[in-house]
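First the proteins, then the strands, lettered A, B, ... as listed; each starts at 1.
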Number of protein chains: 2
Amino acid sequence: MIVNKLRELRERKKTQSATPEEWSQEGLAKKLGVTRQTIISMEKGTYNPSLELAFKIARVFETSIEDVFEYRDDEHET
Amino acid sequence: MIVNKLRELRERKKTQSATPEEWSQEGLAKKLGVTRQTIISMEKGTYNPSLELAFKIARVFETSIEDVFEYRDDEHET
DNA sequence: TTTATATGTAAAGTATACCTTACGTAAAGT
DNA sequence: ACTTTACGTAAGGTATACTTTACATATAAA
């Protein structure tokens, strides 16, 4: 299973940025070229991004994929 | 677009391993819990893995996602 | 009270990751 | 010659990432 720090990273950017609207869900969606629904679902953990989107996210937050997303083995794997 | 070093990494493991069969396409597929078709398609570049599979791959090759996969912007993006 | 901004939910559709099965080829060993 | 191992291709199916549209709620500002 994959957990992410998306909301945390976004909120941090929002408070630190001179233009917080850039870091609303909608602003982030625009930066990434996806819809707001996609951001919501990822923040909720409803689904995981594709590898390509994960790369874009890491780039936007100026960090690595491994810093945004964490992979944990579940004991119940198929 | 995403490019990967899968084939290269797999071949290296194959020659360096005491048990090269482990690192055939089929052997790798078993390690990752996917089918051989999935390995073939990724090595060919036909499709990109999910983030979860990318994590598993990095783990199996004892390295990072960024070391296995590279993200390049194309000029022609939607 | 009205308007704008940010967040959330739901449902139906499209694109693609991944699976299953089946067949083809080439090399190496018996 | 035949068997095994590794690699490849093709086609149809399932799961899920992502889209589109529409509606709802809370807050802050006019």
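A:Gly27 comes within contact range of no nucleotide atom at all, as no heavy-atom separation falls under 4.0 Å.
Side chains of A:Tyr71 and B:Leu51 form no contact here, defined as non-hydrogen atoms less than 4.5 Å apart. Using a 4.5 Å heavy-atom cutoff, the side chains of A:Asp67 and A:Lys5 are in contact. Here the side chains of A:Val60 and A:Trp23 are in contact, with some heavy-atom distance below 4.5 Å.
Across the protein-nucleic acid pair, A:Asn48 atom CG and D:dC18 atom P stand 9 Å apart, rounded to whole Å. For the pair A:Leu53 CG and C:dT16 P, the computed distance is 14 Å after rounding to whole Å. Between the C1' atom of C:dT5 and the CG atom of A:Leu28 lies a distance of 16 Å, rounded to the nearest Å. When rounded to the nearest whole Å, the span between CD1 of B:Ile40 and P of D:dA6 equals 13 Å. B:Lys30 has its NZ atom 18 Å from the C1' atom of C:dC18, to the nearest Å. We find that CD1 of A:Ile39 is positioned 14 Å from P of D:dA17, with the value rounded to whole Å. In this structure, the CD atom of B:Glu21 is 16 Å from the P atom of D:dT4, given to the nearest Å. Residue B:Met42 contributes atom CE, which lies 7 Å from atom P of C:dC18 at whole-angstrom precision.
Nucleotide D:dT27 forms a pair with C:dA4, judged by Watson-Crick or G-U wobble geometry with both contacts under 3.5 Å.
Between A:Thr35 and D:dT20 there is no side-chain N or O to OP1 or OP2 distance below 4.0 Å. Between A:Thr38 and D:dT19 there is a side-chain N or O to OP1 or OP2 distance below 4.0 Å. OP1 or OP2 of C:dT9 sits under 4.0 Å from a side-chain N or O of A:Lys44. The side chain of B:Ser41 places no N or O atom within less than 4.0 Å of a non-bridging phosphate oxygen (OP1 or OP2) of C:dC18. Side-chain nitrogen and oxygen atoms of B:Ser50 include at least one within less than 4.0 Å of the OP1 or OP2 phosphate oxygen of C:dC18.
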Intermediate values then yes/no, side chain to side chain donor-acceptor pair (under 3.5 Å), B:Thr35 and B:Thr38 = CA-CA 5 Å; B:Thr35 61; B:Thr38 300; 3.3 Å; yes
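By the rule that hydrophobic residues join a cluster once side-chain heavy atoms approach within less than 4.5 Å of another member, B:Val34 and B:Ile40 end up as members of separate clusters.
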I'd like a table of atom pairs between the protein and nucleotides 24-30 of chain C - only N or O on both sides, under 3.5 Å - with the distance next to each one.
none

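In this structure, NZ on B:Lys44 lies 10.5 Å from CZ on B:Arg7, to the nearest 0.5 angstrom.
In the region residues 6-17 of chain B, proximity to DNA chain C at under 4.0 angstrom, judged on heavy atoms, holds for none of the residues.
The only member of A:Leu28, A:Thr15, A:Ile57 that meets side chain to side chain contact (heavy atoms under 4.5 Å, CB included) when paired with A:Arg10 is A:Leu28.
Taking a cutoff of 4.0 Å between a charged side-chain nitrogen and a carboxylate oxygen, B:Glu21 and B:Lys30 do not qualify as a salt bridge.
A:Glu26 contributes no side-chain N or O that forms a donor-acceptor pair with the base of C:dT5 under 3.5 Å. A donor and an acceptor atom sit less than 3.5 Å apart, one in the side chain of A:Gln37 and one in the base of C:dT9.
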